[in-house]
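Reviewing the structure listed below.
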Protein chains: 2
Amino acid sequence: MNMPIQSFTLSDIQALRVAELFGALGDPSRVKIIAALLQGPMNVQALAEAAGISESAASHQLRSLRQMRLVAPRKEGRLVYYSLDDQHVVELFQRALDHILHN
Amino acid sequence: MNMPIQSFTLSDIQALRVAELFGALGDPSRVKIIAALLQGPMNVQALAEAAGISESAASHQLRSLRQMRLVAPRKEGRLVYYSLDDQHVVELFQRALDHILHN
DNA sequence: TGAATATATGAGCAATCATTCATACATCAT
DNA sequence: ATGATGTATGAATGATTGCTCATATATTCA
């Protein structure tokens with residue numbers, strides 16, 4: 001499995017989508033949020049603390065990640081638990097983490 | 001091989017480095033440049049054309065990629081051929097491409 | 001030497017982005 | 001109902017970013 005990709009010239013939209021995907025992972029706060037979510041679902045407060053940002057800032061970032069379908073919310077009372085929602089991206093992220101930590 | 005990473009709270013510097021790596025791949029022009037380089041080394045002009053940007057803009061972007069050691073220059077006369085210089089990142093990129101193209 | 005070509009680089013600018021602040025909304029407790 | 005808590009959201013702001021333009025440097029050719 002896994003046809004090798006010997007790609008070529010990407011269309012504008014394809015390049016944009018790849019860039020958007022990587023861009024979503026291209027901010028330290030979002031990186032910390034995603035790293036925290038590797039442990040399991042967490043609510044906004046906990047994620048804000050894990051990322052070292054305000055709850056409002058966390059909510060904004062979670063919105064971006066939500067819109068890209070990288071995370072999914074689950075409401076429980078007045079808490080909202082977020083979890084990672086794209087296994088491919090999780091693997092991508094872990095590889096990058098691996099690469100950095102092994103630098 | 002491959003210790004599973006269950007990582008947690010990243011240090012500020014670790015998060016920053018992961019974010020910088022993804023950020024380097026988080027722009028459509030750079031995505032097109034890297035996609036073009038999957039075929040093999042190319043000079044600045046060719047990369048500019050492949051990315052649909054000016055040669056100056058390409059040179060600027062190549063500088064970023066160079067500073068992150070994602071590409072390496074090889075001078076040949078008055079041409080400078082760039083090639084991909086980080087196999088891990090190449091694999092990361094191809095996975096993302098695969099993911100997007102298979103959406 | 002002088003002109004042309006390929007690339008690099010700095011300044012300036014417009015656009016994007018991450019955060020803060022104020023506020024709104026929903027849920028729970030009293 | 002009232003107040004408190006958790007989250008969401010819009011506007012404003014400061015920082016970053018990708019590009020253009022002008023210019024510099026290096027190499028080749030005449």
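Worth saying up front: this structure is predicted, and the values here are computed from it rather than measured.
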Note: A/Lys32-B/Asp12 ion pair, threshold 4.0 Å (strictly below):
yes

Scan A/Leu62 against the nucleic acid and name what it touches under 4.0 Å (heavy atoms): base, sugar-phosphate only, or nothing.
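The residue A/Leu62 makes no contact with any strand.
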
Regarding B/Glu55, tell me which of base, sugar-phosphate or nothing describes its non-hydrogen contacts under 4.0 Å with the strands shown.
base

So, is [X] near the phosphate of [N], with a side-chain N or O under 4.0 Å from OP1 or OP2?
{"X": "A/Ser29", "N": "C/dT19", "value": "yes"}
{"X": "B/Arg63", "N": "C/dG10", "value": "yes"}
{"X": "A/Gln61", "N": "C/dC17", "value": "no"}
{"X": "A/Lys75", "N": "D/dT7", "value": "no"}
{"X": "B/Arg74", "N": "C/dT7", "value": "no"}

Just the rounded figure in Å: distance from [atom2] of [N] to [atom1] of [X].
{"X": "A/Phe22", "N": "C/dT16", "atom1": "CZ", "atom2": "P", "answer": "22 Å"}
{"X": "A/Ile33", "N": "D/dT7", "atom1": "CD1", "atom2": "P", "answer": "12 Å"}
{"X": "A/Gln67", "N": "D/dA8", "atom1": "CD", "atom2": "P", "answer": "12 Å"}

Please check if atom CZ in B/Arg74 has more than 12 non-hydrogen atoms from other residues, nucleotides or ligands closer than 6.0 Å.
yes

Near DNA chain C, counting only heavy atoms under 4.0 Å, which residues of residues 77-85 of chain A show up?
A/Gly77, A/Arg78

